[in-house]
There are 2 protein chains.
Amino acid sequence: MRDDKPVEEAAGSETPHDEASPPLRRRKAHIRESAEAHLLACAEAVFAERGFEGASTAMIAERAGVPKANVHYYFPTKLALYRRVLEDLFEDWHRAANTFEGTDDPVAAIGGYVRAKMELSRRRPLGSKVWANEIIHGAEHMADILEQRVKPWLDTRVTVIDDWIARGLLADVDAKALMYMIWATTQHYADFDAQIRALGGKRALSQKAFEATTDEVVQLVIRACGARSPDEDR
Amino acid sequence: MRDDKPVEEAAGSETPHDEASPPLRRRKAHIRESAEAHLLACAEAVFAERGFEGASTAMIAERAGVPKANVHYYFPTKLALYRRVLEDLFEDWHRAANTFEGTDDPVAAIGGYVRAKMELSRRRPLGSKVWANEIIHGAEHMADILEQRVKPWLDTRVTVIDDWIARGLLADVDAKALMYMIWATTQHYADFDAQIRALGGKRALSQKAFEATTDEVVQLVIRACGARSPDEDR
DNA sequence: GTCTATACACGGATAGAC
DNA sequence: GTCTATCCGTGTATAGAC
């Protein structure tokens, strides 16, 4: 019933019994881990479709194929479950954010970041919706994540961008306005996919079409900030 | 208590009475009109803060300063009220959309449209949130608006943009990708204001700062599509 | 047109058997 | 760890007095 990670049992018994029993501690820990992961995935989908208030624990339980009480066994409250989904999402966001580091070429860095964000929108659109929904409604359940994790990261990116501008590698843009444009545009393809489908004549979901769109977005952003590679002549 | 439109009474009596009574029909019609407008404004705020499912008729009634039952007197169901809010929002969106027409200069047309959308984000951020929330959750309550009103408008804009590209006034961009970038970026300042405030150090709400941001966004978009005025030399 | 009181369903959370 | 049954608050919507 659970299509999660394969079981990693038979890892050697830790609690020596006379019975040839499997390692109980580990087995129990794995059950919890696997059940939590499964519930988190189902919760993400329901929160994306209906929002925090609109989602009910009954819906999440039904999608997970377990009774309602099991949800409360693994996560004490609906809010705790929601919070875990948000933390999970931040980790994924943070991995994509790291593609921004590691190069001093603004075209490569910004273009790569846009691609990573587009890929995230394609791979995990439900998560993007949960995130967007939370911010639209005030972000009270992720204020600490924004303040302690996202803000420091953004501040370093602003420094890097301002440096590129000072060295003539970028047009004189407002760094934050640029970052917001990248976020808004890339996440639009996940969050507003219902509108895109309604306006685009049903397509925009095929892999090929999405890759073409990604290229378009990269070009738009690169042109928007007037990026030029460091080794290019002026 | 109601801070809506001023009463337009004393418009001449229609039902001749011996009493010097005011025109009853008109007076009643005005009461309804005014009460509906007031409820719509309060509903927009609550829907923006909590989403459709999260909003309760009790909250809307409380904000409007009326008993819960009055809400159901003017709007039969919560969904009917929500639907009216969405229709109202579309009308406002449509007015801003019209700034795109009327000129053949892509810099003026696109720049003006971006300004109009930014102004809409500043003037009615709650409405933008309701709209975004609805689309994120599947847009089932506004599928007809998207299909019959937004899509035809977008299609004509795509034609105009493609024509500009053919005449060398714009870089070879995907017209829809450009429009989505404009929508996403401008609406970001309304929908994600909680995040912007969390990341920007409290500001970004003053009138001056918003105008500066608007100029930045206009410049970013104009550069993104490589717009050139028709009378400019190459 | 406005209000109080209420019907009735659903939601989150818990108790306690297995 | 899993399940059934249930408590209790809240939500939408309505009845009916004023």
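Order of the sequence lines sets the chain letters (A, B, ...), proteins ahead of strands, with each chain counted from 1.
- Looking only at atom types and distance, the side chain of B:Asn133 has a donor-acceptor partner in the side chain of A:His137 under 3.5 Å away.
- In this entry the distance linking CZ of B:Arg27 with C1' of C:dG1 reads 13 Å, nearest Å.
- Atom-to-atom, CD1 of A:Ile31 to C1' of D:dC3 comes out at 15 Å; the value is rounded to the nearest Å.
- Atom CD of B:Glu62 and atom P of C:dT2 are 18 Å apart (whole Å).
- Among residues two or more places apart in sequence or in another chain, the ring pair (Phe, Tyr, Trp, His ring centres under 6.0 Å) test is passed with A:Tyr82 by A:Phe47, A:Phe52, A:His141.
- For B:Ser121, the side chain to side chain contact (heavy atoms under 4.5 Å, CB included) partners two or more places apart in sequence, or in a different chain, are B:Ala190.
- The salt bridge (charged side-chain N to carboxylate O under 4.0 Å, His left out) search around B:Glu91 returns B:Arg149, not counting sequence neighbours.
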Expected string for nucleotides 4-18 of chain D under the B/S/- scheme (protein heavy atoms, under 4.0 Å, primed atoms plus P, OP1, OP2 as sugar-phosphate) is B------SBBBB---
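- Not a single ring pair (Phe, Tyr, Trp, His ring centres under 6.0 Å) links B:Phe75 to another residue, sequence neighbours left out.
- Scanning for ring pair (Phe, Tyr, Trp, His ring centres under 6.0 Å) contacts around B:Tyr189 gives an empty result, with sequence neighbours left out.
- Residue contacts for B:Tyr74: at a heavy-atom cut-off of 4.0 Å it reaches the sugar-phosphate backbone alone, with no base atom in range.
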